[in-house]
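Working notes, beginning with the structure itself.
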2 protein chains.
Amino acid sequence: MREAAAAEPRPYHHGDLRRALVEAARRILESEGPTALSLRAVAREAGVSPAAPYHHFKDKGELLDAVAHVGWDMLGESMTGAKQRAADLGSLMTEIGVSYVQFSQQHPALYRVMYDCSRDKDELPEGMQDNEDSAYCLVRETFRKVAGPEVPIVDIELATIAAWCAAHGLAEMSTFKQFDSLKIGLGGEEAFLRGVLGHLGMFQAGKPARI
Amino acid sequence: MREAAAAEPRPYHHGDLRRALVEAARRILESEGPTALSLRAVAREAGVSPAAPYHHFKDKGELLDAVAHVGWDMLGESMTGAKQRAADLGSLMTEIGVSYVQFSQQHPALYRVMYDCSRDKDELPEGMQDNEDSAYCLVRETFRKVAGPEVPIVDIELATIAAWCAAHGLAEMSTFKQFDSLKIGLGGEEAFLRGVLGHLGMFQAGKPARI
DNA sequence: CCACCTATCTGAACGGCGTCAAGATCAATC
DNA sequence: GATTGATCTTGACGCCGTTCAGATAGGTGG
């Protein structure tokens with residue numbers, strides 16, 4: 001059927017399959033969810049044999065890593081955008097938190113892969129690693145700026161972890177449809193997110209130093 | 001090899017297999033983790049053929065439901081115990097939160113199943129449902145008692161969700177070994193948990209009304 | 001221009017998985 | 001003691017991840 005998202009020129013043998021496989025995987029994730037994401041299905045979607053991916057990835061896990069990498073990039077851009085859009089220091093963390101959870105709602109299957117594929121290797125997910133510009137560092141640096149120099153480093157670290165836990169927990173919870181009536185009562189999805197985050201200390205607007 | 005945990009009298013045909021299967025599943029979970037938990041492996045561990053479980057469970061999902069049910073029971077007992085042990089109102093939520101996360105650390109594979117098996121059906125996990133005595137209701141009732149009658153119901157609900165998100169997020173994060181050095185610096189696992197929770201509003205000791 | 005080399009892809013196979021249908025087995029009931 | 005119905009086994013199906021021998025074809029040196 002279809003072989004790639006766009007009819008790009010294929011520079012090589014059968015095309016630049018590595019990218020095509022990652023895109024095929026993302027297509028399957030969005031249309032059929034994480035349980036349908038088998039290596040064979042990805043190969044099928046990309047129009048190659050089940051063994052072809054093994055010339056580009058060591059195993060299924062490495063393919064999922066590549067997919068997760070794309071996800072963390074996208075999430076990082078969302079969060080950076082939210083940080084730049086924030087009106088004042090007091091709302092910085094809230095805006096970043098909301099953008100985090102909204103990303104998880106817009107790409108629930110991808111979000112799942114981003115955590116699952118790293119748990120299998122029990123490593124930290126890519127976006128939580130202490131790299132130069134990981135999403136986690138973005139949050140920590142934001143806390144550092146918001147908190148001021150007198151707050152001990154360990155408190156910055158703990159606050160970052162706490163915020164991440166809260167956002168991740170909310171991301172997982174908000175997928176359950178049982179909260180729908182509460183969401184409606186509050187005036188929509190985003191009001192619900194802000195309502196929950198507002199009960200969580202560091203996300204309270206107008207209290208930048210409260211860490 | 002071994003067929004059941006204890007040499008109980010087998011009242012029936014081949015034994016009361018339903019219970020034996022759930023116990024076999026739990027044994028596999030604890031010894032080999034969630035990825036090794038196949039229906040066939042459970043049947044093998046229980047000493048029956050791969051098709052035998054189908055006379056007691058509709059499919060693999062229903063077996064996992066039964067396993068998760070045990071887990072939610074255990075977690076509920078942990079949390080109830082923590083609530084009763086709490087010295088004062090101000091530390092109630094913290095103690096419950098700590099017991100929640102500690103349970104997830106003591107039974108990581110079981111904890112995973114407790115959430116995963118319900119996500120597949122996209123239903124709320126058993127312990128989060130609005131039943132009479134679910135773990136979720138335990139938390140909400142605690143909040144209601146701690147907050148006093150003047151706090152609106154919707155805030156109780158949001159605070160409960162927020163607390164649950166934070167605890168669940170922390171439960172997932174604390175499995176990553178990358179926080180080990182921070183944990184050591186703080187004086188151990190429990191100090192880490194209390195440190196993170198302490199940054200999260202409703203878990204701050206001595207501030208029972210802050211919801 | 002040609003022959004080789006190497007990366008890439010296919011086809012077929014292996015064992016393991018979830019699930020099902022048909023038959024064997026055995027406790028309980030009449 | 002024969003019948004019944006629940007329970008368990010056997011064998012099969014299609015899908016999965018993975019491997020390996022062989023086909024293919026782009027790039028390179030002659």
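Every chain is numbered from 1, with letters handed out A, B, ... down the list of sequences.
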### Atom-to-atom span, CG of L17(B) to P of dA27(C) - whole angstrom
16 Å
## Note on the structure
Readout for nucleotides 11-21 of chain C: B = base within 4.0 Å of protein heavy atom, S = sugar-phosphate only, - = neither; 5' to 3' it is B-B---BBBBB
### Task
To the nearest Å, give me how far apart CZ (F57(A)) and P (dG17(D)) are.
14 Å
### Value in whole Å for how far the P atom of dC16(D) lies from CG of L63(A)
14 Å
### Message
I'd like to know if the side chain of K83(A) and the backbone of I96(A) have a donor-acceptor N/O pair within less than 3.5 Å.
### Response
no
#### Entry: Basic-acidic side-chain contact under 4.0 Å: R194(B), E189(B)
no
#### Entry: Salt-bridge criterion met for D16(B) and R19(B) (N-O under 4.0 Å)
yes
### Message
With a 4.0 Å cutoff (strictly under), does any side-chain N or O of H56(B) reach OP1 or OP2 of dC8(D)?
### Response
yes
### Query
Can T175(B) and Q105(B) be counted as having a side-chain donor-acceptor contact under 3.5 angstrom?
no
## Note on the structure
On DNA chain C, more 5' by nearest nucleotide between H55(B) and A52(A) is A52(A)
#### Entry: Flag, side chain of S134(B) to backbone of D130(B), donor-acceptor distance under 3.5 Å
no
### Query
Between the main-chain N or O of D133(A) and the side-chain N or O of N131(A), is there a donor-acceptor pair closer than 3.5 Å?
no
#### Entry: Set of side-chain hydrogen bond (donor to acceptor under 3.5 Å, both in side chains) partners for E172(B), sequence neighbours left out
H168(A), R112(B)
### Message
Please report whether the ring centroid of Y111(B) lies less than 6.0 Å from that of W72(B).
### Response
no
### Query
Please give, in whole Å, the distance from dC15(D) P to E32(A) CD?
14 Å
### Interface with DNA chain C, restricted to residues 110-119 of chain B and to heavy atoms under 4.0 Å
none
